[in-house]
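Lettering follows sequence order; numbering is per chain, from 1.
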Amino acid sequence: MEDALTPTHRQVPDKPTVDGLEERWTNQWDKEKIYRFNRDATRESVFSIDTPPPTVSGSLHIGHVFSYTHPDVVARFWRMRGKDVFYPMGWDDNGLPTERRVENFYGVRCDPALPYDPKYRPPEKPGKNKVSISRKNFVELCVELTATDEVAFKNLWRAIGVSVDWGFEYSTISKEAQTVSQRGFLQMLTRGEVYSAEAPTLWDIDFRTAVSQAELEDRERPGAYHRVAFDRADNAGTVDVDTTRPELLASCVALVAHPEDERYRPLLGTSVVTPLFGVEVPILAHELADPEKGTGIAMICTFGDTTDVVWWRELNLPTRAFIGRDGRFLPADFADDGWSVRDAELAQEFYDREMLNKTVNQARAGIVDALRSTGALIGDVREITHPVKFYEKGERPLEIVTSRQWFVRTLEHRDELLARGEELRWHPDYMRHRYRSWVEGLNVDWNISRQRFFGVPFPAWYPVDENGEIDFDHLMLAHDEDLPVDPSSDVPAGFTEDQRGVPGGFVGDPDVMDTWATSSLSPQIAGQWGTELFQRVFPMDLRPQAHDIIRTWLFATIVRSHFQFDSLPFSDTLISGFILDPDRKKMSKSIGNTVTPMPLIEQFGADALRYWAAGGRPGADTAFDEGQLKIGRRLGIKILNASKFVLGRLDDAEIPAPSEVTEPIDLDLLAMLAKLITAATDDYENYDYARALERSESFFWSFCDDYVELVKIRAYGEDDTAPRRSARATLAITLSVLQRLFAPIMPFVTDEVWHWWHQHSVHAAPWPTLQELPTLEVSGAGSTYGPVCEVLEAIRRAKSSAKVSQRAEVASVMVRAPAPFLASVALCQEDLMAAGGVATLTTREETELSVEVVLADSQSIGSQ
RNA sequence: GGGCGCUUAGCUCAGUUGGUUAGAGCAGCUGAUUUACACUCAGCAGGUCGGGGGUUCGAGUCCCUCAGCGCCCA
């Protein structure tokens with residue numbers, strides 16, 4: 001500890017500059033391996049960070065600088081506090097965003113039916129029409145492109161001084177991540193936490209994949225209410241139903257009204273007949289039916305939306321799902337036993353003519369015409385705007401199709417998951433509400449299978465029976481020691497490749513895992529689950545992330561850790577806000593208001609960007625402000641110059657010890673410094689780096705402008721006197737502390753100035769403590785400094801209003817004030833007179849404070 | 001519809017448990033200027049703390065209510 005703080009030399013450049021510090025110190029840190037994790041560390045001494053792996057297929061923007069600076073600042077603080085900081089870095093490269101980027105970048109499309117071409121190269125420029133290539137070729141291109149993307153990301157991370165240990169770099173498509181992911185899956189399966197089922201699934205008809213509840217978003221879309229008359233089965237009249245989706249009439253399995261709704265109560269338990277198809281369906285009651293909506297009675301179809309799924313499940317209704325994976329209507333058989341249909345032949349004929357193979361929109365047009373001509377459509381169609389569920393990356397409304405998917409049981413663990421959310425420490429605390437309302441609102445289990453290509457495959461195969469049918473009930477799983485496996489090229493135990501897809505043989509599970517199913521294991525991947533490392537770093541200390549992925553990444557990570565380890569995956573989470581453009585709009589590629597960071601680093605310096613980022617408090621959306629970059633740059637320059645000034649004059653002798661601080665003003669400054677250390681340390685421990693910065697910054701500017709000005713004549717005088725030694729010791733101590741307080745936020749400039757008088761990096765130096773200071777009475781801190789500065793200000797004000805130089809001579813100063821104030825001034829009288837160029841200073845005890853300043857060669861100027 | 005956050009100087013934001021005259025930076029204005037720093041320094045000006053009501057000796061801060069903005073969930 002002591003050694004790292006003891007100055008070894010003084011070597012101050014003539015013209016210090018903040019330009020070029022990034023490359024110099026980044027290289028030096030690499031060389032000295034400052035950020036390398038100590039693998040022998042015990043869990044107690046470790047501070048581990050569950051770094052967010054960014055989506056590398058996205059574009060780099062200023063938001064990355066913002067959100068990655070925050071955990072880095074925290075990491076640097078704890079490193080200086082003596083923790084063994086485990087700070088890995090990952091890249092999230094699997095998943096749909098990468099597939100889309102590859103499709104557009106190369107002009108290709110994956111067709112799993114095509115054979116692999118080992119010599120395939122994509123066209124130089126993407127053509128107008130996408131070229132179909134095999135799955136393996138497609139995946140190879142994904143791997144290739146993400147590798148170059150990752151280099152660009154890594155360059156930025158290094159440029160802004162993110163202090164990760166690059167020895168722990170991972171990517172979510174790597175073999176290691178796939179192994180962890182498949183192992184996690186197999187163990188969930190063993191414990192019964194995951195299941196596969198043929199079930200209603202949220203489905204994007206363009207991407208041809210299932211999506212999960214977390215990937216939904218509502219979009220306002222035009223729609224129309226159609227009032228449709230259903231004949232009562234007893235012919236006692238009609239029941240009118242408003243619907244926005246008349247094309248689902250064939251899938252109608254019931255009508256539903258609220259149990260308390262007097263209008264429909266008498267009808268509960270009776271039946272109606274669907275128009276056009278003549279299918280008899282019951283009228284049922286359910287709380288979710290909204291009496292205010294339309295006529296107050298709704299059609300339940302399998303499946304128009306997620307409410308239909310709830311009704312279908314809770315009311316035990318039959319399934320008549322006809323929308324296929326391409327969004328077109330599938331064949332229906334009205335002669336089937338499950339139907340209670342008046343005239344099956346007529347229904348079949350109508351369906352086959354107006355519905356079969358049609359898109360949703362085409363079928364709707366046909367149905368509406370037919371309803372109108374039969375008189376079942378009541379009144380006019382009423383156009384409305386209503387929220388429609390979309391896949392967040394999709395372009396057309398989601399459909400709900402029935403398909404076989406893998407689900408994680410989240411619903412039945414809702415209460416435990418809510419409790420985990422309460423257990424977690426959130427910064428800021430109010431972000432816990434986001435998690436709670438998400439978990440409370442879950443209505444389907446977490447679907448983790450995607451019908452896509454670039455992802456982690458499910459380590460499973462199914463037997464094919466003698467008739468060529470897939471037997472989903474007799475799953476064949478990979479063995480742990482064989483992981484990772486790809487069931488599309490690997491073969492299950494006891495089979496050979498030539499048995500693939502033939503009767504009596506097998507097929508591999510065709511799907512890949514949702515990207516969150518892998519990234520939710522980031523602590524296991526980064527911490528190398530299964531090795532000795534894992535016990536040293538898990539559960540992690542900190543999960544930093546943005547608030548938009550609380551319902552996905554944070555939630556999913558908690559689910560996995562709760563199941564696997566019966567614990568939280570991390571004790572604290574630090575939620576960062578979004579970056580807004582200067583007009584306070586969210587930055588996004590589509591609006592075109594994103595800001596590219598690299599040119600800003602060149603213009604202002606990485607420290608300036610970090611300064612701006614560190615000003616954003618946890619959770620607060622922050623506007624991008626170039627003005628803040630200028631101020632950050634200015635602060636960096638000031639740190640250089642102040643350090644140069646202090647150290648440049650201390651190069652001819654030893655720096656006096658703390659015990660040699662004897663002058664009251666010096667002791668008072670150190671008392672204030674002690675308060676600053678305590679407060680800033682407290683701020684950092686509570687993840688309030690912004691406040692720590694603010695305190696340090698304001699102390700630093702006062703130190704430069706007031707304290708240094710006050711003592712510079714005493715400190716740099718000719719004779720080696722006790723007052724001179726007192727000032728020199730104070731300057732050295734304060735500078736040392738301030739350089740370290742700024743180090744987490746401005747790592748480049750602080751390491752530059754630290755090396756002017758120390759051998760090793762400031763980032764390996766200990767965090768400042770009160771033990772470094774002389775013994776002090778802290779409670780009255782500022783009682784001398786404050787009054788002295790007030791008099792100094794009065795002198796400056798007098799000079800400023802007389803429009804003369806601050807160096808102008810002052811003939812006399814008269815201070816009138818209460819006794820304690822005068823006593824403080826007296827303690828620092830010589831410094832004050834020297835700093836102000838004052839010839840004579842007199843005091844008089846009075847209740848009101850006033851300072852009278854008489855400039856040399858001038859009129860008396862009074863001021864208060 | 002439910003929830004969360006925000007609303008303080010022209011702009012960006014601090015303001016810890018209610019307690020002197022509400023702070024900072026930027027921008028503006030007035031000046032200074034060779035001995036650390038023009039990427040500087042000093043000074044000035046600028047606010048009925050979103051509106052209304054309440055609790056209190058005392059409210060930017062606590063309570064109620066209204067309005068606007070943003071986000072989350074349904």
Side-chain angles (χ1 to χ4, degrees), chain A residues 12-19 213-214 216-218 288 290 292-293 305-307 310 387 389 426 428-443 546-551 575 577-578 580 582-586 603-605 608 611-612 615-649 679 682-683 686 688 690-691 693-695 697-698 701-702 704-706 708-709 712-713 716 731 735 753 792-808 836 863:
Chain A
V12 183
D14 282 343
K15 293 233 174 262
T17 169
V18 291
D19 294 317
Q213 188 183 349
L216 295 186
E217 66 183 30
D218 281 350
L288 284 179
D290 183 358
E292 304 293 316
K293 231 170 166 177
D305 61 25
T306 49
T307 316
V310 174
K389 300 269 184 247
W426 299 77
D429 188 71
Y430 62 75
M431 284 294 174
R432 66 173 68 251
H433 299 295
R434 301 270 182 109
Y435 176 90
R436 190 191 304 139
S437 67
W438 168 250
V439 178
E440 283 173 349
L442 287 174
N443 56 36
H547 54 66
D548 56 332
I549 51 174
I550 289 174
R551 67 176 181 173
I575 305 292
F578 282 145
L580 311 174
D583 299 328
R584 300 203 67 79
K585 287 199 209 73
K586 188 184 165 185
Q603 192 184 348
F604 296 99
Y611 171 88
W612 159 73
R617 287 175 155 67
D621 292 348
T622 303
F624 176 70
D625 181 4
E626 206 169 283
Q628 286 301 110
L629 299 186
K630 286 188 192 146
I631 299 162
R633 185 175 171 84
R634 212 172 61 125
L635 175 61
I637 291 165
K638 192 75 176 181
I639 290 171
L640 287 176
N641 282 309
S643 300
K644 176 187 166 195
F645 184 65
V646 170
L647 296 174
R649 311 303 185 82
D682 204 50
D683 291 336
N686 292 304
D688 200 351
R691 204 176 164 81
L693 169 61
E694 197 176 86
R695 289 184 204 279
E697 194 182 3
S698 100
W701 284 99
S702 170
C704 291
D705 296 339
D706 299 328
V708 172
E709 290 302 321
K712 67 191 198 186
I713 290 170
Y716 301 133
L731 286 169
L735 187 70
V753 295
L792 190 60
E793 262 170 50
I795 296 170
R796 285 172 179 160
R797 201 177 302 125
K799 291 177 181 177
S800 192
S801 41
K803 301 188 176 180
V804 299
S805 162
Q806 289 299 321
R807 294 179 200 282
S863 65

J.: OP1 or OP2 of B:A36 sitting under 4.0 Å from any side-chain N/O of A:Arg649?
T.: yes
J.: For B:G47 and B:U12, measure between their C1' atoms and round to the nearest Å.
T.: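 That atom pair is separated by 16 Å.
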J.: Please enumerate all residues that pass side chain to side chain donor-acceptor pair (under 3.5 Å) together with A:Glu697, with sequence neighbours excluded.
T.: A:Tyr611
J.: Applying a 4.0 Å non-hydrogen cut-off, can you work out what A:Ser800 is touching in the nucleic acid: base, sugar-phosphate, or nothing?
T.: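 Base, at least one base heavy atom under 4.0 Å.
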J.: Among residues at least two apart in sequence or on other chains, which ones pass ring pair (Phe, Tyr, Trp, His ring centres under 6.0 Å) with A:Tyr435?
T.: A:Trp426
J.: Return the set of residues passing side chain to side chain donor-acceptor pair (under 3.5 Å) with A:Asp218 (not counting sequence neighbours), or none when no residue passes.
T.: A:Lys389
J.: Using side chain to side chain contact (heavy atoms under 4.5 Å, CB included) as the criterion, list what pairs up with A:Gln806, not counting sequence neighbours.
T.: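 A:Arg796, A:Lys799, A:Ser800.
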J.: Restricting to side chain to side chain donor-acceptor pair (under 3.5 Å), what partner residues turn up for A:Arg436, sequence neighbours left out?
T.: A:Glu422, A:His433
J.: For nucleotides 25-28 of chain B, tabulate all protein N/O to nucleotide N/O atom pairs closer than 3.5 Å, reporting atom names and distance.
T.:
{"residue": "B:C26", "atom": "OP1", "partner": "A:Arg634", "partner atom": "NH2", "Å": "3.2"}

J.: Roughly how many Å apart are B:C26 and B:U61, using the C1' atom of each and rounding to a whole number?
T.: 26 Å
J.: Which part of the nucleic acid, if any, lies within contact of A:Lys803, taking any heavy atom under 4.0 Å across all strands shown: a base, the sugar-phosphate backbone alone, or nothing?
T.: sugar-phosphate
J.: Under 4.0 Å between a side-chain N/O of A:Arg551 and OP1 or OP2 of B:C73, yes or no?
T.: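 Yes, such a contact exists.
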J.: Say we look at B:C13 and B:A9: how far apart would their C1' atoms be, to the nearest angstrom?
T.: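 So the two C1' atoms sit 11 Å from each other.
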J.: Taking side chain to side chain donor-acceptor pair (under 3.5 Å) as the definition, give me every residue that meets it alongside A:Asp305, ordered by chain and number, with sequence neighbours left out.
T.: none
J.: Under 3.5 Å for both distances, Watson-Crick or G-U wobble, that's the pair rule; now give the dot-bracket for RNA chain B, with | marking pairs to another strand and [ ] for crossing ones.
T.: (((((((..((((.....[...)))).(((((.......))))).....(((((..]....)))))))))))).
J.: Applying side chain to side chain contact (heavy atoms under 4.5 Å, CB included), can you list everything that pairs with A:Lys638, at least two apart in sequence or on another chain?
T.: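 A:Lys638 satisfies side chain to side chain contact (heavy atoms under 4.5 Å, CB included) with A:Phe700, A:Trp701, A:Cys704, A:Asp705 once adjacent residues are dropped.
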